[in-house]
Amino acid sequence: MQEYFSTMFAEKGFFHLQGLVFAFLCVGAIMWFSYKVMVPLFKHKLHGSAFAIVIALILAWAAGMLVGPTGKKGIGDIAMFSGMALMGGAMFRDFAIMSTAYGADLRELKKAGLGGFLAMVIGTAMAFYIGAAVAWLYGYTDAVSMATIGAGAVTFIVGPVTGAALKASSDVVALSIAAGVIKSVLVMVVTPMIAKMIGLNNPGAAIVFGGAMGTTSGVAAGLAATDARLVPYGAMVATFYTGFGCLVCPSILYFTLKIFFG
Amino acid sequence: MLINGLAIMAACMLAGTFLGDMLGLMLGLKGANVGGVGFAMLFLILVTNKLKDKKLFSKAAESGVLFWSSFYIPVVVAMAAIQNVQAALKGGMAALLAGVLGTVFCFLLVKPLSSLGGKQEPLPQFAE
């Protein structure tokens with residue numbers, strides 16, 4: 001009996017074994033707090049989901065502080081919250097993103113297809129070269145390091161994929177992952193605030209947005225916090241972005257840097 | 001039946017992800033999935049439209065799909081809670097600048113590029 005209670009919060013304990021169910025309760029609590037407390041507090045200027053995402057990010061940060069340098073999955077590294085890693089993991093995320101396509105307007109997709117594609121090409125190249133330029137400013141002047149950090153500014157998956165292909169050093173790969181995570185977090189938090197300014201209020205703009213930003217998690221969360229009806233349009237393009245980045249960053253884009261920086 | 005809706009979703013998801021994996025392999029990208037979820041979404045739109053036309057997509061099946069699409073925001077909140085925020089902060093100024101500048105300039109792309117598709121009407125206001 002005593003052992004049952006003393007191991008309740010530990011690995012293989014009560015909360016760990018009920019992981020996913022407990023995650024439903026945790027997310028429910030975060031969302032309830034966001035909608036019922038934060039939204040009125042901020043005079044209904046932002047969606048409840050925007051607060052919920054920011055609170056979740058703060059919890060991820062706090063969990064990282066608690067767990068230390070071995071932590072990689074935010075709150076999911078703590079045994080009793082491991083269900084969050086399942087609920088927020090790639091499988092559930094992709095299944096839920098995909099379900100939002102139900103009821104999406106195929107005509108809208110066709111109409112903005114070209115804009116979305118252009119946004120993806122320009123967005124990838126722009127993030128890549130800006131990241132590479134910043135790398136150069138900070139003393140990473142060889143083409144391999146510049147390309148790896150630039151690819152990190154594309155997404156946090158493209159960074160290490162490019163780094164591995166070009167045999168970049170591990171500290172450069174770590175930098176590229178950090179740049180990508182910053183981008184994804186920034187897109188989650190900033191999108192609802194600037195949506196009006198960049199005209200992000202219709203399916204066509206959401207498609208371009210998905211192509212320009214690309215980070216699936218950032219786009220998914222950013223649009224959810226802006227207007228959930230835009231999610232399918234942005235998400236559909238964003239799912240091509242990482243693959244596209246993995247294709248062009250270690251090849252074409254890297255060669256363009258190699259010409260000038262050897 | 002509700003499960004039929006989920007089964008159709010699952011079939012689309014598996015088919016799309018498989019296609020994305022194949023595309024990744026053919027392009028020589030080890031372990032990269034190219035557009036898997038995007039293909040799955042297209043399949044879901046096409047299949048459900050066909051089934052609805054033939055009156056084969058029941059209300060119950062639809063509610064299975066709609067459950068998942070409203071479950072999407074909670075999943076995203078859980079996803080935010082498992083991000084490696086420490087890694088983002090540990091990268092220092094170089095990573096911060098690369099991430100922030102890369103993001104800000106891409107935000108600026110949205111307006112000019114979306115005007116390519118002609119003028120778009122904003123979605124109607126809706127009550128939450």
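These numbers come from the heavy atoms of this one structure, side chains and all, not from hydrogens, waters or symmetry mates.
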Taking all heavy atoms of A/V27 and all of B/P74, pick out the closest pair and write down the distance. CG1-O, 3.6 Å
At a 4.5 Å cut-off on heavy atoms, which part of A/A224 comes close to chain B: side chain, backbone, both, or neither? both
Looking only at A/G71, A/A220, A/G152, A/G131, the option with the highest number of non-hydrogen pairs under 4.5 Å against chain B is A/A220
Can you tell me how far CG of B/L113 sits from CD1 of A/I207, rounded to the nearest 0.5 angstrom? 12.5 Å
With rounding to the nearest 0.5 angstrom, report the CD1 to OG distance, A/I97 to B/S69. 12.5 Å
Given 3.5 Å as the limit, does a donor-acceptor pair link the side chain of B/S114 with the main chain of A/A205, or not? no
Per-residue contact mode, A/M126 against chain B (heavy atom under 4.5 angstrom): side chain
Quick one: of B/K111, B/E62, B/Q86, who has the most non-hydrogen atom pairs under 4.5 Å with chain A? B/Q86
Compare every heavy atom of A/L57 with every heavy atom of B/A80, then report the nearest pair and how far apart it is. O-CD2, 3.5 Å
Checking heavy atoms, do the side chain of A/I53, its backbone, both or neither come under 4.5 Å from chain B? both
Region of A/Y129 that comes under 4.5 Å of a non-hydrogen atom in chain B: neither
Which heavy atom of B/V77 sits nearest to which heavy atom of A/A56, and what is that distance? O-CB, 3.3 Å
Under the side-chain contact (heavy atoms from CB on, under 4.5 Å) rule, what do B/L109 and A/V208 come out as? Steps first, then yes or no, please. CA-CA 8 Å; B/L109 283 178; A/V208 170; 5.7 Å; no
Taking every non-hydrogen pair under 4.5 Å, which of A/G64, A/C26, A/G150, A/G123 racks up the most with chain B? A/G64
Within the 6.0 Å centroid threshold, strictly below: A/F240 and B/F39: yes
Can you tell which part of A/M188 gets under 4.5 Å to a heavy atom of chain B, answering side chain, backbone, both or neither? side chain
Checking A/P250 against chain B: side chain, backbone, both or neither under 4.5 Å from a heavy atom? neither
Heavy-atom proximity to chain B below 4.5 Å, by part of A/I30: side chain
Kindly check if the number of other-residue, nucleotide or ligand heavy atoms within 6.0 Å of NZ (B/K50) is above 12? no
Output the distance between atom CG (A/L223) and atom OH (B/Y72), rounded to the nearest 0.5 Å. 7.0 Å
Between OG1 on residue A/T100 and CD1 on residue B/I73, distance to nearest 0.5 Å: 10.0 Å
Side chain, backbone, both or neither of A/V187 within contact of chain B (heavy atoms, under 4.5 Å): both
Contacting region of A/A52 [heavy-atom separation from chain B under 4.5 Å]: both
Could you look at A/M65 and say if it's the side chain, the backbone, both or neither that has a heavy atom under 4.5 Å from chain B? both
Between A/T191 and B/F107, is there a side-chain heavy-atom distance shorter than 4.5 Å? yes
Among the options B/G102, B/G99, B/A81, pick out the one with the most heavy-atom pairs lying under 4.5 Å from chain A. B/A81
Report which part of B/L66 has an atom under 4.5 Å of a heavy atom belonging to chain A: side chain, backbone, both, or neither. side chain
So which of A/A132, A/A206, A/A178 has the largest heavy-atom pair count under 4.5 angstrom toward chain B? A/A178
Under 4.5 Å heavy-atom distance to chain B, tell me which part of A/S184 shows up: side chain, backbone, both or neither. side chain
Does any heavy atom of chain A fall under 4.5 Å from the side chain of B/Q83, the backbone, both, or neither of them? both
For the residue pair B/L42 and A/M236, establish whether any side-chain heavy-atom pair is separated by less than 4.5 Å. yes
First locate atom CG of A/L137, then atom CE of B/M93, and finally report the distance between them rounded to the nearest 0.5 Å. 11.0 Å
Looking at every non-hydrogen atom in both residues, tell me the closest pair between A/S99 and B/L44 and how far apart they are. CA-CD2, 4.1 Å
A/Y102 and B/W68: side-chain contact (heavy atoms from CB on, under 4.5 Å), yes or no, with the steps? CA-CA 10 Å; A/Y102 182 77; B/W68 272 94; over 6 Å; no
Can you confirm whether more than 12 heavy atoms, excluding those of B/F71, are under 6.0 Å from its CZ atom? yes
Let me know if A/I130 has heavy atoms under 4.5 Å from chain B in its side chain, its backbone, both or neither. side chain
To the nearest 0.5 Å, what is the distance between CG (B/L14) and CZ (A/F95)? 8.5 Å
A/I58 versus chain B, the contacting section by heavy-atom distance below 4.5 Å: neither
With chain B, the option among A/A96, A/G89, A/A62 that has the most non-hydrogen atom pairs under 4.5 Å is A/A96
Using a 4.5 angstrom heavy-atom cutoff, name the option from B/I82, B/I45, B/V76 with the most pairs to chain A. B/I82
Show your reasoning for whether side-chain contact (heavy atoms from CB on, under 4.5 Å) applies to B/V100 and A/I182. CA-CA 7 Å; B/V100 170; A/I182 286 170; 4.1 Å; yes
Part of A/M98 within contact of chain B (heavy atom distance under 4.5 Å): both
